[in-house]
Amino acid sequence: SSAAVAANGSITFLGRASVKLKTPSGIVVYIDPFAGKDYSEPADFILVTHGHKDHNQVKLAATKSGTVIIAPDGAVSVKHTNIKEGETLSFGSLTIEAVAAYNENHERVQSVGFLICFDGFCIYHAGDTDFVKEMEALPAKNVTVAMLPCDGYYNMGPVEMSHAAEVIKPKLLIPIHSDPY
């Protein structure tokens with residue numbers, strides 16, 4: 001796995017669409033647990049973009065008292081906080097906003113992307129999606145890092161991902177979901 005480190009925080013790509021974020025203040029966030037092996041650091045938050053089995057294996061992640069699991073309705077079978085497109089949840093200085101994520105393989109009402117913002121950073125995990133017109137609003141969010149799928153089968157391909165990145169204008173792009181499985 002690879003890690004991008006900024007101000008003592010980190011982003012670790014675990015594989016597929018699975019990512020571990022660690023904020024400079026030590027908050028641990030797993031997104032779409034499925035791939036990779038190291039989920040040993042207890043999560044403060046586990047975010048699931050949708051209910052497909054290659055995104056919702058929350059039991060892989062170590063938890064602790066107070067771990068918050070956030071997912072769209074029906075995405076996970078464990079106790080969680082429901083979120084839908086357009087909703088923002090705040091936890092101290094950390095905010096988690098659900099944004100549009102959809103295509104012919106992923107229904108809009110059952111899928112979301114996430115904007116995770118803290119300490120002046122805004123991390124965008126697109127979930128499973130094609131380029132959607134709602135991404136045109138993301139430059140106003142000052143996205144620091146965008147994680148965009150690019151398998152070209154279940155999601156947008158590399159060319160469409162490049163276009164999405166040009167529109168979103170993140171400081172750093174991390175391609176995810178690069179294989180059709």
Trace of the side chain to side chain contact (heavy atoms under 4.5 Å, CB included) decision for Leu115 with Val143: CA-CA 8 Å; Leu115 286 169; Val143 174; 4.1 Å; yes

Common cluster, [X]/[Y], ILVMFWY with side-chain heavy-atom separation under 4.5 Å:
X: Ile116; Y: Leu138; answer: no
X: Ile27; Y: Ile83; answer: yes
X: Phe91; Y: Phe118; answer: yes
X: Val48; Y: Val109; answer: no
X: Val99; Y: Val112; answer: no

Closest non-hydrogen atom pair, Ala164 against Leu148: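 That would be CB-CD1, 4.0 Å.
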
Where Pro33 and Leu47 come nearest, the two heavy atoms and their spacing: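 Nearest heavy atoms, Pro33 then Leu47: CD-O, 4.0 Å.
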
Hey, does the side chain of [X] reach the backbone of [Y] with a donor-acceptor pair shorter than 3.5 angstrom?
X: Asn103; Y: Tyr154; answer: yes
X: Ser18; Y: Ala35; answer: yes
X: Lys169; Y: Glu166; answer: yes
X: Ser90; Y: Thr95; answer: no
X: Tyr39; Y: Phe34; answer: yes
X: Asp73; Y: Asn82; answer: no
X: Glu87; Y: Lys84; answer: yes
X: Gln57; Y: Lys53; answer: yes
X: Asn56; Y: Val76; answer: no

For the [atom1] atom of [X] and the [atom2] atom of [Y], what is their distance to the nearest 0.5 Å?
X: Ile46; Y: Thr63; atom1: CD1; atom2: OG1; result: 6.5 Å
X: Cys150; Y: Leu173; atom1: SG; atom2: CG; result: 8.0 Å
X: Asp128; Y: Ile176; atom1: CG; atom2: CD1; result: 7.5 Å
X: Cys117; Y: Asn142; atom1: SG; atom2: CG; result: 9.5 Å
X: Asp38; Y: Lys20; atom1: CG; atom2: NZ; result: 6.0 Å

Residue pair Phe131, His163: steps toward the ring pair (Phe, Tyr, Trp, His ring centres under 6.0 Å) verdict: CA-CA 8 Å; Phe131 174 78; His163 171 69; 4.7 Å; yes

Determine whether [X] and [Y] make a side-chain contact, defined as any pair of heavy atoms from C-beta on separated by less than 4.5 Å.
X: Asn105; Y: Asn155; result: no
X: Tyr30; Y: Ile69; result: no
X: Leu21; Y: Val28; result: no
X: Pro24; Y: Asp119; result: yes
X: Val145; Y: Lys171; result: no
X: Ile11; Y: Leu172; result: no
X: Pro72; Y: Gln110; result: no

Partners passing ring-ring contact (aromatic ring centres under 6.0 Å, His included) against Tyr102 (at least two apart in sequence or in another chain):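 With sequence neighbours excluded, Tyr102 shows a ring-ring contact (aromatic ring centres under 6.0 Å, His included) to no residue whatsoever.
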
Parallel, tilted or perpendicular: rings of His177 and His55 (30°, 60°):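 Parallel, since the angle between the ring planes stays under 30°.
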
Aromatic plane relationship, His52 with His50 - under 30° parallel, 30 to 60° tilted, over 60° perpendicular: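 Rings of His50 and His52: perpendicular, as their planes differ by over 60°.
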
CA sep, side-chain torsions, deciding dist, call: Asp44, Val68, side chain to side chain contact (heavy atoms under 4.5 Å, CB included): CA-CA 6 Å; Asp44 293 289; Val68 178; over 6 Å; no

Lys64/Glu41 ion pair, N-O < 4.0 Å: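 No.
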
Chi angles and distances behind the side chain to side chain contact (heavy atoms under 4.5 Å, CB included) call for Val19, Asp32: CA-CA 7 Å; Val19 177; Asp32 282 357; over 6 Å; no

Tyr124 ring center within less than 6.0 Å of Phe114 ring center: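 Not under 6.0 Å, so no.
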
Residues Phe45, Thr67; criterion side chain to side chain contact (heavy atoms under 4.5 Å, CB included); working and verdict: CA-CA 6 Å; Phe45 299 92; Thr67 295; over 6 Å; no

Residue from Pro149, Ser178, Pro175 passing side-chain contact (heavy atoms from CB on, under 4.5 Å) with Met161: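 Result: among Pro149, Ser178, Pro175, Pro175 is the only option passing the side-chain contact (heavy atoms from CB on, under 4.5 Å) with Met161.
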
